[in-house]
Amino acid sequence: MLDLRKVCANIELVKESIRKRGQDIDITELVSLSERRRELIIKIQNSRAELNRINDEIKTAISKNDSTILENRRSDLKKFSQSIKEMEKELDRVEEEINNQLLFIPNIPHFSVPYGKSSEDNVEIKRWGKKPEFSFEPKNHWDIGERLGILDFERAAKIAGTRFAVLKGMGARLERALIDFMLDIHINEHGYTEIWPPLMVNSRAMIGTGQFPKFKDDAFHIEGTDYHLIPTAEVPVTNLHADEILDINQLPLKYVSYTPCFRAEAGAAGKDTRGLIRQHQFNKVELVKFTHPKSSYDELESLLNDACKILERLNLHYRVVVLCTGDMGFSSAKTYDIEVWLPGQNTYREISSCSNFEDFQARRASIKFREGTKSKPEFVHTLNGSGLAVGRTLVAILENYQNEDGSVTIPEALRPYMGNKEILS
RNA sequence: GGAGAGAUGGCUGAGUGGUCGAAAGCACCGGUCUUGAAAACCGGCAGGGCGCUUAGUCGCCCUCGAGAGUUCGAAUCUCUCUCUCUCCGCCA
């Protein structure tokens with residue numbers, strides 16, 4: 001959420017940033033509502049001050065047993081407080097409307113974010129490793145996985161539906177190994193603290209990180225409750241510190257959390273219907289940081305590196321792109337996507353998305369810190385990134401490490417997690 | 001699921017209709033003392049919002065889990081909700 005005062009003081013900047021994202025949101029009503037809000041507040045406050053003054057008179061009248069003043073004042077007060085209540089009702093309506101509108105305005109992109117309309121305009125900034133060469137035609141991961149008997153989409157469809165998968169035998173083991181492998185690196189080498197959060201959250205948490213109200217249809221909801229299946233660990237982990245003032249000496253706080261993620265994938269009908277790429281349920285190891293505003297962009301770089309490290313250990317070729325203004329997520333001020341090379345599909349595929357939200361989420365969830373012991377609390381900056389999407393990493397391994405006979409070599413770094421097995425066949 | 005108790009500042013906790021945005025203690029910050037530290041003593045220490053001719057060691061307003069109500073006036077009384085704890089039941 002943007003700061004109302006800043007929006008009103010920088011109307012053109014906000015309009016421009018909405019336009020750069022390729023969106024069309026009219027903020028003129030918001031600005032006039034803000035003015036109305038200020039008028040009402042001033043009126044109400046003056047009235048209340050007067051009300052309080054009269055109340056003090058009544059107090060003294062009672063202590064002095066002066067019944068004349070008492071009766072005079074009492075008869076007025078009721079009407080007076082009634083009119084205040086009416087103004088307050090209007091103020092409530094105005095503030096609710098302001099809030100509704102603010103919740104739908106996306107974050108302002110960082111100045112370093114390239115302008116663009118779609119993913120076509122994202123800018124590649126880094127490439128690591130190289131594409132593996134094959135003496136045969138590399139297969140898709142679903143063909144490899146089904147032949148090895150470790151992926152089963154048909155039975156998943158039977159028990160749940162489309163966009164689900166069953167992992168079996170060494171497939172399940174590989175998924176579990178990857179989770180452990182990623183967690184160990186982030187915890188032991190990168191200094192993150194592990195979190196095992198609830199997999200369902202209330203709507204307040206979903207508002208806090210920006211999924212609600214705008215993207216309500218993307219989440220699974222448990223009917224008759226206020227529980228929502230988390231679309232990413234970002235939601236519970238970021239909201240862990242909602243309504244808190246964090247100790248500046250503890251910043252940056254770094255958390256890593258493995259969770260299943262649930263997405264309705266509304267609007268993605270027909271996209272990536274085959275394979276593991278786009279599922280209603282998938283596993284992800286998520287990195288979350290709470291930082292001082294001054295260092296958040298440095299922390300974004302190191303978060304990106306932490307995520308890249310996993311692919312490097314697995315020796316998987318990847319590239320990093322900066323998302324352009326038109327392709328960036330709603331809450332983000334700057335996002336890097338890590339895209340892994342998938343030879344079976346002859347393309348780079350997003351495997352991690354690392355973002356700095358600046359104070360956009362912190363303001364929604366009210367997460368603050370204090371610069372000095374006597375300073376006013378300020379909002380922290382929040383960041384997160386996948387470290388990594390587990391299912392897509394499994395896909396990358398199957399496709400990049402496949403052999404001509406249909407077997408798959410297990411990356412060396414992963415073997416200790418796979419009972420020292422070297423090959424899936 | 002049943003019964004009971006509770007929710008107050010960073011923490012502990014007092015307060016049952018006006019003298020309360022709030023005692024006391026702890027923690028923290030500043031000062032005095034000290035070679036330094038500790039102790040002792042003195043002082044400070046909640047969040048949010050609005051205003052300004054002087055942007056301040058400034059003025060005002062709101063907030064004692066959330067919301068509604070009673071009252072001239074609510075931390076205090078009533079109702080609803082949320083959460084926490086204890087006991088019982090059930091259960092991985």
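By convention in this document, chain letters (A, B, ...) are assigned in the order of the sequence lines, proteins followed by strands, and residues within each chain are numbered from 1.
- Spacing of P atoms, B/C52 relative to B/C64, comes out at 28 Å, to the nearest Å.
- With sequence neighbours excluded, the residues that form a side chain to side chain donor-acceptor pair (under 3.5 Å) with A/Asn249 are A/Asp247.
- A close approach under 4.0 Å does not occur between any side-chain nitrogen or oxygen of A/Lys43 and OP1 or OP2 of B/C50.
- Distance noted for atom C1' between B/U19 and B/A75: 15 Å (whole Å).
- Looking at heavy-atom distances under 4.0 Å, A/Arg37 makes contact with sugar-phosphate atoms alone, never a base.
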**Prompt:** What string of B, S and - do you get for nucleotides 56-74 of chain B, 5' to 3', if B is base contact, S is sugar-phosphate-only contact and - is no contact with any protein heavy atom under 4.0 Å?
**Reply:** ----BBS--------SBS-

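- With both ends at atom C1', the span from B/G9 to B/C72 equals 29 Å, rounded to whole Å.
- Here the C1' atom of nucleotide B/G48 and the CG atom of A/Leu91 are 13 Å apart, to the nearest Å.
- At whole-Å resolution of the value, CG in A/Asp226 and P in B/C81 are 16 Å apart.
- Helical stems in RNA chain B, defined as runs of 3 or more consecutive Watson-Crick or G-U wobble pairs with donor-acceptor distances under 3.5 Å: B:1-7 with B:82-88, B:10-12 with B:24-26, B:28-32 with B:40-44, B:46-51 with B:58-63, B:65-69 with B:77-81.
- Atom CD1 in A/Ile245 sits roughly 18 Å away from atom P in B/C28 (whole-Å rounding).
- Sorted by first and then second residue, the salt bridge (charged side-chain N to carboxylate O under 4.0 Å, His left out) pairs with a member in residues 5-19 of chain A read A/Glu12-A/Lys15, A/Glu16-A/Arg19; sequence neighbours excluded.
- At a threshold of 4.0 angstrom between heavy atoms, the contacts of A/Arg370 are confined to the sugar-phosphate backbone, with no base atom among them.
- Separation of the C1' atoms belonging to B/A74 and B/G17 is 7 Å when rounded to the nearest angstrom.
- With both ends at atom C1', the span from B/A14 to B/A68 equals 28 Å, rounded to whole Å.
- Note on ring orientation: taking the six-membered ring where Trp is involved, the planes of A/Tyr255 and A/His241 are parallel (angle under 30°, cut-offs 30° and 60°).
- With rounding to whole Å, A/Asp247 atom CG is found 11 Å from B/C29 atom P.
- Straight-line distance from the CG atom of A/Leu4 to the C1' atom of B/G48: 14 Å, rounded to whole Å.
- With A/Glu371 as reference, A/His292 is the one residue of A/Lys294, A/His292, A/Lys376 to meet the side-chain hydrogen bond (donor to acceptor under 3.5 Å, both in side chains) rule.
- Among residues at least two apart or in separate chains, salt bridge (charged side-chain N to carboxylate O under 4.0 Å, His left out) pairs with a member in residues 267-282 of chain A are A/Glu265-A/Arg278, A/Asp272-A/Arg278, A/Asp272-A/Arg349.
- Taking atom P in both B/A39 and B/C29, the straight-line distance is 12 Å, to the nearest Å.
- Here A/Phe290 and A/Phe369 keep their ring centres 6.0 angstrom or further from each other.
- If you look at A/His280 and A/Phe220, their ring centroids are closer than 6.0 Å.
- When all heavy atoms of A/Lys139 and A/Ile144 are compared, the pair lying nearest together is O-CD1, 3.7 Å.
- When the P atom of B/G47 is taken as reference, atom CZ of A/Phe379 falls 13 Å away, rounded to whole Å.
- B/C11 sits 23 Å from B/A66 when the C1' atoms are compared, rounded to a whole Å.
- Between the C1' atoms of B/G15 and B/A7, the separation comes to 15 Å (whole Å).
- Taking the six-membered ring where tryptophan is involved, the planes of A/His190 and A/His186 are tilted, since the angle between them lies from 30° to 60°.
- The side chain to side chain donor-acceptor pair (under 3.5 Å) search around A/Glu234 returns A/Gln361, A/Asn384, not counting sequence neighbours.
- Of the side-chain N and O atoms in A/Lys368, one or more sit less than 4.0 angstrom from OP1 or OP2 of B/G48.
- In this structure, the CZ atom of A/Phe369 is 17 Å from the C1' atom of B/G10, given to the nearest Å.
- Atoms CG (A/Leu40) and P (B/G51) sit 13 Å apart, rounded to a whole Å.
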